[in-house]
Amino acid sequence: MIAEKYRNDITISVIDNGNGFSPEVLKLIHQPDSKIGVGFRSTDSRLKRYFGEEYGLSIVKSDYSGSTINIRIPTQPNAR
């Protein structure tokens, strides 16, 4: 895991060295009616609702050498 601050954002990268997601699974993760990826979509949705549409989860790499998922949040969340 790596965390980096750039300007007013923090990006947390979760990295593994497994087999990655298959192309079929990558497609299903982003389809709202799929049971695959429910946790990913739910977490992404909650981060976007709380912090704004520019924040949330993204799969930046997924191949046979592993996967990298980024979590992007602001350094200063809006006061509620």
Side-chain angles (χ1 to χ4, degrees):
M1 187 176 335
I2 299 169
E4 298 175 308
K5 180 182 181 283
Y6 180 73
R7 295 187 181 170
N8 295 321
D9 294 341
I10 296 172
T11 300
I12 302 164
S13 299
V14 180
I15 304 163
D16 75 21
N17 60 357
N19 291 330
F21 300 104
S22 70
E24 295 81 20
V25 169
L26 284 173
K27 281 175 56 175
L28 290 171
I29 285 174
H30 297 290
Q31 293 181 358
D33 57 339
S34 172
K35 290 183 182 180
I36 292 175
V38 170
F40 181 92
R41 288 189 308 273
S42 173
T43 302
D44 182 52
S45 175
R46 283 184 273 150
L47 289 170
K48 286 179 183 333
R49 249 190 338 263
Y50 189 76
F51 296 120
E53 284 298 313
E54 64 271 26
Y55 299 103
L57 301 179
S58 60
I59 300 171
V60 295
K61 176 185 168 284
S62 186
D63 58 26
Y64 293 109
S65 67
S67 298
T68 302
I69 310 295
N70 281 355
I71 306 163
R72 186 170 168 228
I73 58 174
T75 56
Q76 299 285 322
N78 294 336
R80 290 186 174 232

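The model shown is predicted, which means the values in this text are computed figures rather than measured ones.
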Should Met1 and Ile73 be regarded as members of a common hydrophobic cluster, given that ILVMFWY residues are connected when their side-chain heavy atoms come within less than 4.5 Å of each other, either directly or indirectly? yes
Only one of Leu57, Ile71, Thr68 clears side chain to side chain contact (heavy atoms under 4.5 Å, CB included) with Val14; which? Ile71
Does Asn17 CG have over 12 foreign heavy atoms under 6.0 Å away? no
Within a strict 4.5 Å, meaning less than it, do heavy atoms of the Asp16 and Ser67 side chains meet? yes
Looking only at non-hydrogen atoms, find the nearest pair between Phe21 and Ser62 and report the distance. N-OG, 2.6 Å
I'd like to know if Ile15 and Ile69 are part of one continuous hydrophobic network [Ile/Leu/Val/Met/Phe/Trp/Tyr, side-chain heavy atoms within less than 4.5 Å]. no
NZ (Lys27) with more than 12 external heavy atoms under 6.0 Å: no
Residues, nucleotides or ligands: over 12 heavy atoms within 6.0 Å of Gln76 CD: no
Membership question, hydrophobic clusters at under 4.5 Å side-chain separation (ILVMFWY): are Ile2 and Ile59 in the same one? no
Can you tell me how far apart CZ (Phe40) and OG (Ser34) are? Round to the nearest 0.5 Å. 12.5 Å
If two hydrophobic side chains count as joined below 4.5 Å and joins carry through other members, does Ile12 share a cluster with Phe51? yes
For Tyr55 and Lys48 the tightest heavy-atom approach is O-NZ, 2.8 Å
Step through the shown structure and confirm whether more than 12 heavy atoms of other residues, nucleotides or ligands are within 6.0 Å of NZ on Lys5. yes
Correct closest heavy-atom pair for Arg72 and Glu54 would be NH1-O, 2.7 Å
Indicate whether any N or O donor in one side chain lies under 3.5 Å from an N or O acceptor in the other, for Ser58 and Asn70. no
Under a 3.5 Å distance rule, please check whether Arg41 uses its side chain to pair with a backbone N or O of Ile36 as donor and acceptor. yes
With a 4.5 Å cut-off on side-chain heavy-atom distances among I, L, V, M, F, W and Y, is there a chain of contacts connecting Ile10 to Leu47? yes
Side chains of Ser45 and Arg49: any donor to acceptor distance under 3.5 Å? yes
Any salt bridge linking Lys61 with Asp63? Criterion: basic side-chain nitrogen under 4.0 Å from a carboxylate oxygen. yes
